[in-house]
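All of these numbers come straight from a predicted model, not from anything done at the bench. Every chain is numbered from 1 and lettered A, B, ... according to where its sequence line falls, protein lines coming before strand lines. The analysis underlying the following values was restricted to heavy atoms, covering all of them including side chains, and did not include hydrogens, waters or symmetry mates.
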2 protein chains.
Amino acid sequence: MPSDAEPAPVSAKTPVTLREVAATAGVSVATASKALNGQGRMTAETRERIRETARLLGFRPNSLAQSLLRKRSFTVGLLTNDTYGRFSLPLMAGVSDALVDKGVSVFLCNVEDDQRLGQLHVEAMLDKRVDGIVATGKRIDRHLPVDLSDLRIPVVYAFTQPDPGAVGLVSDDAGGARLAVEHFLRLGRRRIAHVSGPASFAVVHTRAEAYRDVLKENGLAVNEPLLGAWSEGWGHEAVAKLFGSAGREGWPDAVFCGNDQIARGVIDALRERGISVPDDVGVIGFDNWEIVAEATRPPLTSVDMNLSTLGREAGLALLSLVDGQPAAPGIRKLPCRLVVRQSCGSPPE
Amino acid sequence: MPSDAEPAPVSAKTPVTLREVAATAGVSVATASKALNGQGRMTAETRERIRETARLLGFRPNSLAQSLLRKRSFTVGLLTNDTYGRFSLPLMAGVSDALVDKGVSVFLCNVEDDQRLGQLHVEAMLDKRVDGIVATGKRIDRHLPVDLSDLRIPVVYAFTQPDPGAVGLVSDDAGGARLAVEHFLRLGRRRIAHVSGPASFAVVHTRAEAYRDVLKENGLAVNEPLLGAWSEGWGHEAVAKLFGSAGREGWPDAVFCGNDQIARGVIDALRERGISVPDDVGVIGFDNWEIVAEATRPPLTSVDMNLSTLGREAGLALLSLVDGQPAAPGIRKLPCRLVVRQSCGSPPE
DNA sequence: GCGGTAAGAGAAAACCTTTTCCCAGCTAAG
DNA sequence: CTTAGCTGGGAAAAGGTTTTCTCTTACCGC
């Protein structure tokens, strides 16, 4: 059979089964299976011949059959209530990236804040025998609208409130805030204000606390943080409060903002008042939302929560749990990083 | 056995099989299967007894086994190269929403622009026997870095360039642009400018064409569209070009922008020049990116591409393809809608 | 030449469900 | 009483793979 090197029919109309490979190679399915998996004992030639046959036929094992037998589906579920938000995006991508290399696929499950939807998705995942679940959300201090506490499969929580005794990963918000305030200090700024979001968010207090701590540690006066909304509008208002009164000498020379939108509002408001950023006042944001941070004038220095890494770590943690490695329960905090742009000025040489 | 109504052990440590249900109910697995699926013939009591047993035991059929037999996995893949972007988000959510009700789960596959990653994901999906694939991207005029043209499963393209002869869904950009320009006309504006993104994008030309058409149809002068970047910065520059020269009488009284970021730049730049929006100039954006549109001062009227609906339609189209309904190949355009805020003023009573 | 051993390969069970076919028992008609 | 027809339910195959067990053959040392 002088066949010219025919390419593997990678997209044959009907999938080729192990049975066919075995028949073509003239062996039993058992032998074929072992040859392809590197199991069992056989002559090197036999093994190679079978492998070659499989390659030629474009054989790909049916995952469903494998999963059924191995009790391992190489599939995990990703539960989120923030499908439209920007936090879960890098997180989801991180999870997916970490897992695709190991042959694990990810089910995307958007539950909004709907109990029924959550139940529906969890049941669908369980039926499909996912190996584990990553639960993620838009707020560190809120639960997803589903109960994952008593499942027979491992669950990892990322950027959402974990059940007690579970494995959780969150960003180190306190550390992130520290990064920002200490950056200001290194640049010689001393009158540092903090403008943040609503008091109902846990991160607002975590960051505010860290802000106070750093100032105290350095013997500086602590201004009570201004809490409001996560919006540009609040940034404008906050500037009015901070820079409205009295003489220049009472004004802050730095504003640490709870997110990038507030920071944007602050920068715009300062410009409208003729106050220069970064010459008169330095500004740092939080989230490092590039599309905002790069559009402010000047571009905004901001704290990045490394959500993509967080997702990646969550994926890996889940995987090792699935493999039976016992993971230390509790919340693990992953460091943030400061992305320096031009809203703080340069350090004195 | 006076058992108190014990709740179904919904999360038993090991899944209950049909075999166990059958044994408990004292029938064969065949009968049990038929009872639960409403197939076969048996006394109503038998059927009910089996169902009750299954409920009590918390039986849930193993999807893997079902899929293997039925050759239908109730699983589809969602391929995207825009995991970080905001276009695919609502789209993905739409797809997922449309399918979860039918018991279909969605694999999230982020391929970036990486051929290898694309190949990897497609093979993983094929191995897992997905019933079909939705391909989506960040640009209507670009291909994903994978070849889906010769798969044995149906593929639907949404918001990305489809292969010839395939089913594709995109937003009606021309219609969207029309919506914007005609809105201006209804408000009595006559000197309408168009500021858009880079010429390398197909949508830029589609929208510009529609812009010209509407003006011509109404016997108005057509200003050549200003093409630049998708950024706020370009919005500022464009304002300098449009409003820098000559006397007020040459200025536009409306600017239709290619996206919301440009629109934001335009609005900010106009304010800095003391030109009032909407009194002197109306502004309309494109994309209806709420976080931007609601932060402009005044809030931005914008064209929404209904991406969520697009995703939903794509999901449903794929499903009917999977069910063997032949779908008309070619590109289907879904209408946009205009979301009116305050950047254009009110219509004359 | 014989017992022992190891290599090479296959048969069959297992995973869990669905579906087709068949059987036993009963009723009613002839 | 025989036969046809129906009813309720079970046996078994199918789906594709992995794995354990078993079998055959050949080789080695004595």
Side-chain angles (χ1 to χ4, degrees), chain A residues 12 14-51 53-54 57-75 103 124 126-131 152-153, chain B residues 12 14-51 53-54 57-75 103 123-124 126-131 152:
Chain A
T14 171
V16 34
T17 70
L18 184 60
R19 208 217 257 352
E20 302 177 60
V21 174
T24 310
V27 295
S28 72
V29 287
T31 307
S33 170
K34 283 181 285 197
L36 297 176
N37 293 320
Q39 307 286 328
R41 288 174 318 207
M42 67 196 68
T43 48
E45 301 141 70
T46 310
R47 195 179 293 277
E48 201 38 57
R49 178 165 47 90
I50 297 174
R51 289 206 163 138
T53 310
L57 261 44
F59 168 74
R60 311 231 59 198
N62 184 330
S63 264
L64 269 51
Q66 289 183 318
S67 303
L68 189 56
L69 204 51
R70 292 187 179 156
K71 304 190 164 313
R72 187 71 202 281
S73 66
F74 288 89
T75 278
L126 254 28
D127 288 352
K128 285 174 177 131
R129 295 304 191 266
V130 294
D131 296 330
R152 59 171 183 274
I153 52 172
Chain B
T14 170
V16 169
T17 70
L18 183 61
R19 207 218 257 353
E20 302 176 61
V21 174
T24 308
V27 296
S28 71
V29 288
T31 307
S33 171
K34 284 181 284 198
L36 297 175
N37 294 319
Q39 306 288 328
R41 289 173 318 206
M42 67 196 69
T43 49
E45 300 142 71
T46 309
R47 194 181 292 276
E48 201 37 58
R49 177 165 48 89
I50 297 174
R51 289 206 164 141
T53 310
L57 261 42
F59 169 74
R60 311 230 58 197
N62 184 330
S63 263
L64 270 54
Q66 290 182 318
S67 303
L68 190 56
L69 205 52
R70 292 185 179 159
K71 303 192 164 311
R72 188 67 204 279
S73 66
F74 288 90
T75 278
E123 283 177 0
L126 254 28
D127 288 351
K128 285 173 177 133
R129 296 302 191 266
V130 294
D131 296 331
R152 58 172 181 273

Taking only side-chain N and O atoms of [X], does any of them lie within less than 4.0 angstrom of OP1 or OP2 on [N]?
X      : N       : result
S33(A) : dT17(D) : no
N62(A) : dG15(D) : no
Q66(A) : dT18(D) : yes
K71(A) : dA14(C) : no

Would you kindly give the [atom1]-to-[atom2] distance between [X] and [N], to the nearest whole Å?
X       : N       : atom1 : atom2 : value
L36(A)  : dT19(D) : CG    : C1'   : 15 Å
K128(B) : dG16(D) : NZ    : P     : 19 Å
Q39(A)  : dG10(C) : CD    : P     : 17 Å
R70(A)  : dT17(D) : CZ    : P     : 11 Å
L64(A)  : dT18(C) : CG    : P     : 14 Å
R72(B)  : dT18(C) : CZ    : P     : 15 Å
L69(A)  : dT18(D) : CG    : P     : 8 Å
E48(A)  : dG8(C)  : CD    : P     : 15 Å

Of all residues at least two apart in sequence or in a different chain, which pass the salt bridge (Lys or Arg N to Asp or Glu O under 4.0 Å) check with R72(B)?
D131(B), D323(B)
Output all residues satisfying salt bridge (Lys or Arg N to Asp or Glu O under 4.0 Å) with R49(A), sequence neighbours left out; order by chain, then residue number.
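Salt bridge (Lys or Arg N to Asp or Glu O under 4.0 Å) check on R49(A) returns nothing, list empty.
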Check nucleotides 24-27 of chain D against the protein and report each pair of N or O atoms closer than 3.5 Å, with its distance, or say if there are none.
none

Residues in side chain to side chain contact (heavy atoms under 4.5 Å, CB included) with [X], at least two apart?
X      : answer
T31(B) : V27(B), S28(B), M42(B), I50(B)
N62(B) : L68(A), R129(A), L64(B), A65(B)
T75(B) : F107(A), K128(A), S73(B), F107(B), V130(B)
S33(A) : L18(A), N37(A)

Summary of salt bridge (charged side-chain N to carboxylate O under 4.0 Å, His left out) pairs that have at least one residue in residues 25-48 of chain A, sequence neighbours excluded
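As it turns out, there is no salt bridge (charged side-chain N to carboxylate O under 4.0 Å, His left out) pair with a partner in residues 25-48 of chain A once direct neighbours are skipped.
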To the nearest 10 degrees, how far apart in direction are the end axes of the helix from dG1(C)-dC30(D) to dG30(C)-dC1(D), each fit to five base pairs?
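The two end axes of the helix from dG1(C)-dC30(D) to dG30(C)-dC1(D) meet at 70°.
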Grab the N/O contacts between the protein and nucleotides 9-12 of chain D below 3.5 Å, and write none if there aren't any.
residue	atom	partner	partner atom	Å
dG9(D)	OP1	T46(B)	OG1	3.1
dG9(D)	OP2	T43(B)	N	3.2
dG9(D)	OP2	T46(B)	OG1	3.2
dG10(D)	OP2	S28(B)	N	3.2
dG10(D)	OP2	S28(B)	OG	3.3
dG10(D)	OP2	T31(B)	OG1	2.4
dG10(D)	O6	K34(B)	NZ	2.7

Contacts of type side chain to side chain donor-acceptor pair (under 3.5 Å), residue T46(A), not counting sequence neighbours:
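Once residues adjacent in sequence are excluded, the partners of T46(A) under the side chain to side chain donor-acceptor pair (under 3.5 Å) criterion are T43(A).
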Could you tell me which non-hydrogen atom of V16(B) sits nearest to which non-hydrogen atom of L57(B), and how far apart they are?
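Closest approach of V16(B) to L57(B): CG2-O, 3.2 Å.
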If you check the A65(A) side chain, which of dG16(D), dG15(D), dT18(C) turns out closest?
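Output: dG16(D).
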Determine whether Q66(B) and D127(A) satisfy the following criterion, side-chain contact (heavy atoms from CB on, under 4.5 Å), listing intermediate values before the conclusion.
CA-CA 10 Å; Q66(B) 290 182 318; D127(A) 288 352; over 6 Å; no
L36(A) side chain reached by F59(A) side chain, heavy atoms, under 4.5 Å:
yes
Return yes if some donor-acceptor pair links the side-chain N/O of R60(A) with the main-chain N/O of P15(A) below 3.5 Å, else return no.
no
